[in-house]
Amino acid sequence: MQASLRVVLILATVVAPMLHSLARGQQYRVRRSTQVEGTVRAGQDVYPIRESSHVDFVLTIVRRDANRVAEARADVREAYVIGQDETAGRRDARQDVLPAGRRLSLTWRDGSYVVSDAESGRAVPESASELFEVPLCLELGAKEPWKEGQTWSLRGRNLTSNLRTLSLEDGALEGKIERLTKDSAKLQAKLETQLVIEGHGVPFVGRVAMTFGATHDLPTSTEIQGALNGQASIQGEVAHFEGRASMTQTIEVVRAGAQEEESAHTTHEDSRAALDSIAFRRVAEPREKAFTILLPHGWSINGGIYRVNAAQAGGPLNAIEAKCDITFASDERGSVRFRRLPNTVYAVVRGPAAPMFPVGTNYQGAEVRPLMSAKGFLDTLFRTMHPGARNVRVVDTRQLPKMTKAYYQAARSINEQLAMVGIRIDFDTAGMLVDYDEDGQRFRELLYTGITDRKDSWHNSDTIAFRAPAATFEQWRAVFDIMRYSVRLNPQWVLAEAGGQSERAGEVIRVYQEVQRLSRDIARHKSETTGEIMNENYLMLTGQEEFVNPETNEVELDTNEFRYRWKTPGDDVFYTNREDEDPNIRKVLNRSDFHRTPVRKR
């Protein structure tokens, strides 16, 4: 007889004692592990049983109905089960239930949560859906303040409605508040119930321990451990089960939700707390108005265009082109941050002069540094930007072939000329995704860059760094895409800069004149190059959609992370996932001239 037992102790919100824990946009990171060990005896046969499951997901409250979560979203970080594989000699075998990055929709319907794929709308298999539930909020006489030593009892339907488990039948929970301070509370309880195994209840007696934070509305940790002992019918045979079952769960509040369901204006807090609706203003680079970009309402801008003085720098290599070091941040700390770093030229000195210019010295206004690969440059850049980072984990590093191809296409004409003298300008690109701890918080950061090898010098190009709290990086990813897609160069500034470069290039010795032609050639092909770079399918990039601008009837490429997109004649944009949300009614950004941009008809 083959036995497949699945005991899943899953806790879910049914009645919440404090409404603020159900606020729209509230976000939790839920980590839950279950384990069952024991034996099944059927006649003379004895079968060992050992199964476990583990889920790690970020749950976002989308909609509430009175004091119940009516709709939520779960972003999967990890979901797998481990069981004995009889075909492999009963060794433990891991099986992923859902892939990391999968987004699920949880909707309360007919007394339970329906779990479906957020993109396709199709229901996920029951074996997967039972692993994802809204976290527990016990109603323990919450209408009255808690007191140390206070006891409570939940029985029958009250138990199953508060301690919601897919494999729980009837029983009783007797508990007590053992410790109560202004910052935490600890609860202990005894649980006597039946866990459903293959359609039959097996008696379970266990201990329940819960720890609550200062608000006492949600257990930050829950542990259930106990013994199983009883009979069950498995594949038509009566079998006796003996063993133990356990569950551990931790819940971390990642982001506070909106305290009110609606507000008169979309504020900075709205944009951080409820990414199902967010407004962007089109703003100009502050120093020279070199470009404009869509910026989330309430974010700040620091830096911008700057120029290097050749006389002060010791030479002209970094003084020809304008530099740009600009940061867009959600708050003073830069919890969510998008930075565009400057292109910096480094010198490579060869031949008889090399001994006079060792690494680290200045040659013609550039630091002497050996050529670095794009991956090496990003690694050095990260360590420079975050010297205090701890627990650093490089999630992924890879080259960006489309970006590299775009650089070669832009430099094709100059390389054809340089080929006559046996020289070629080469390019390398890379992207890196890093998790790290900084100032007591876990972040995820995406960096990418291009490296141009001019043989006698090299420089980085299009260097971008974007970070957000690790648990919410996927949600902020759409904001990053919107911003990077929205950059528009100021034509007047580009013309003036091109003329200025020509004048400044006259200060450079002849050997660098051909190199500058490459820079101008890349500028002339900017639209083609940018298009290729923006379409690079790398790690963090969301899908794209084509929208029709109602003012110009032009097709505009944008993220498809939001269902509805509105735009003003002044190019401010509002995104939302709610069909009934009209920014003109809410006076978002104090404007009433938003027009919805429909998806282009196919």
Side-chain angles (χ1 to χ4, degrees), residues 27 29 31 56-58 75-78 99-103 252 254-255 272 275 296 299 302-303 324-344 369 372-404 428-451 459-484 533-534 536-542 559 561:
Q27 197 167 71
R29 182 175 180 184
R31 282 170 281 197
D56 183 348
F57 62 97
V58 175
D75 291 281
V76 180
R77 297 170 66 92
E78 203 170 34
R102 183 83 169 268
R103 175 169 290 182
E252 174 188 358
V254 175
R255 185 177 67 197
R272 291 196 339 173
L275 289 184
W299 281 36
N302 290 292
C324 182
D325 190 348
I326 191 166
T327 300
F328 309 96
S330 64
D331 52 30
E332 290 184 3
R333 183 188 181 192
S335 300
V336 184
R337 185 170 65 203
F338 174 20
R339 183 181 178 188
R340 203 280 190 188
L341 291 99
N343 300 348
T344 302
R369 183 184 293 187
M372 299 180 70
S373 68
K375 291 181 180 179
F377 181 86
L378 290 178
D379 182 68
T380 301
L381 175 64
F382 175 83
R383 287 188 277 109
T384 301
M385 292 173 58
H386 304 287
R390 298 290 183 270
N391 301 318
V392 177
R393 183 175 75 94
V394 178
V395 179
D396 198 357
T397 306
R398 65 179 70 173
Q399 291 185 305
L400 309 177
K402 287 186 179 179
M403 190 173 177
T404 304
D428 183 29
T429 61
M432 183 169 72
L433 198 62
V434 189
D435 286 353
Y436 61 96
D437 293 332
E438 189 174 77
D439 298 328
Q441 187 168 3
R442 188 72 173 168
F443 289 98
R444 171 164 288 190
E445 187 154 1
L446 169 79
L447 307 97
Y448 62 83
T449 193
I451 298 294
H459 72 270
N460 64 296
S461 299
D462 300 304
T463 305
I464 298 294
F466 171 76
R467 84 164 185 181
T472 58
F473 183 86
E474 290 302 314
Q475 284 71 54
W476 285 106
R477 185 178 66 174
V479 171
F480 170 55
D481 281 337
I482 289 167
M483 294 176 70
R484 70 188 186 91
I533 294 172
M534 291 307 178
E536 182 73 47
N537 182 21
Y538 171 66
L539 290 175
M540 77 302 173
L541 303 186
T542 59
T559 178
E561 278 291 291

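These numbers come from the heavy atoms of this one structure, side chains and all, not from hydrogens, waters or symmetry mates.
Applying the salt bridge (charged side-chain N to carboxylate O under 4.0 Å, His left out) test to R31 and every residue at least two apart in sequence or in another chain returns E252. Under the salt bridge (charged side-chain N to carboxylate O under 4.0 Å, His left out) criterion, D325 pairs with R339, not counting sequence neighbours. Qualifying salt bridge (charged side-chain N to carboxylate O under 4.0 Å, His left out) partners for R333, counting only residues two or more places apart in sequence or in other chains: none. The side-chain hydrogen bond (donor to acceptor under 3.5 Å, both in side chains) check on R337 picks up nothing, with sequence neighbours excluded. Applying the side-chain contact (heavy atoms from CB on, under 4.5 Å) test to A468 and every residue at least two apart in sequence or in another chain returns V336, F473, W476. Applying the ring pair (Phe, Tyr, Trp, His ring centres under 6.0 Å) criterion to Y436, with sequence neighbours excluded, gives F382, H386, F443.
For the pair R390 (side chain) and G388 (backbone), a donor-acceptor distance under 3.5 Å is present. Formation of a donor-acceptor pair under 3.5 Å by the S373 side chain with backbone atoms of G376 is found in this model. Although no hydrogens or angles enter the test, the distance criterion places a donor-acceptor pair under 3.5 Å between the side chain of D331 and the main chain of G334. Side-chain atoms of D428 never come within 3.5 Å of backbone atoms of I451 as a donor-acceptor pair (strictly under, hydrogens ignored). Within the 3.5 Å criterion, the main-chain N or O of L341 finds no donor-acceptor partner in the side chain of T463.
With rounding to the nearest 0.5 Å, the separation of OG1 in T380 from CE in M372 is 3.5 Å. A distance of 7.5 Å separates CG in N343 from OG1 in T449, rounded to the nearest 0.5 Å. With rounding to the nearest 0.5 Å, the separation of OG1 in T344 from NE2 in H459 is 9.5 Å. Atom CZ in R467 sits 13.5 Å away from atom CG in L446 (nearest 0.5 Å). Atom CG of D435 sits about 4.0 Å away from atom CZ of R444, to the nearest 0.5 Å. The distance from the CZ atom of R103 to the CD atom of E474 is 7.5 Å, given to the nearest 0.5 Å.
When all heavy atoms of P296 and V479 are compared, the closest pair comes out as CG-CG1, 3.7 Å. Shown here for G450 and M403, the closest heavy-atom pair between the two residues is N-CE, 4.0 Å. Minimum interatomic distance between R77 and A100 (heavy atoms only, all atoms of both residues): O-CB, 3.3 Å.
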Next item on the list: Could you please spell out the steps behind the salt bridge (charged side-chain N to carboxylate O under 4.0 Å, His left out) verdict for D379 and R383?
Entry: CA-CA 6 Å; D379 182 68; R383 287 188 277 109; 3.1 Å; yes
Item checked: Steps toward salt bridge (charged side-chain N to carboxylate O under 4.0 Å, His left out) verdict (R340, D462) -> CA-CA 7 Å; R340 203 280 190 188; D462 300 304; 3.8 Å; yes
Item checked: From CA spacing to verdict: side chain to side chain contact (heavy atoms under 4.5 Å, CB included), D75, Q475 -> CA-CA 9 Å; D75 291 281; Q475 284 71 54; 2.7 Å; yes
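Taking 4.5 Å as the limit, every side-chain heavy atom of L381 sits out of range of all side-chain heavy atoms of M432. With contacts defined as side-chain heavy-atom distances shorter than 4.5 Å, the pair Q399/T404 does not qualify.
Taking the six-membered ring where tryptophan is involved, the planes of F338 and F466 are perpendicular, since the angle between them exceeds 60° and thus also 30°.
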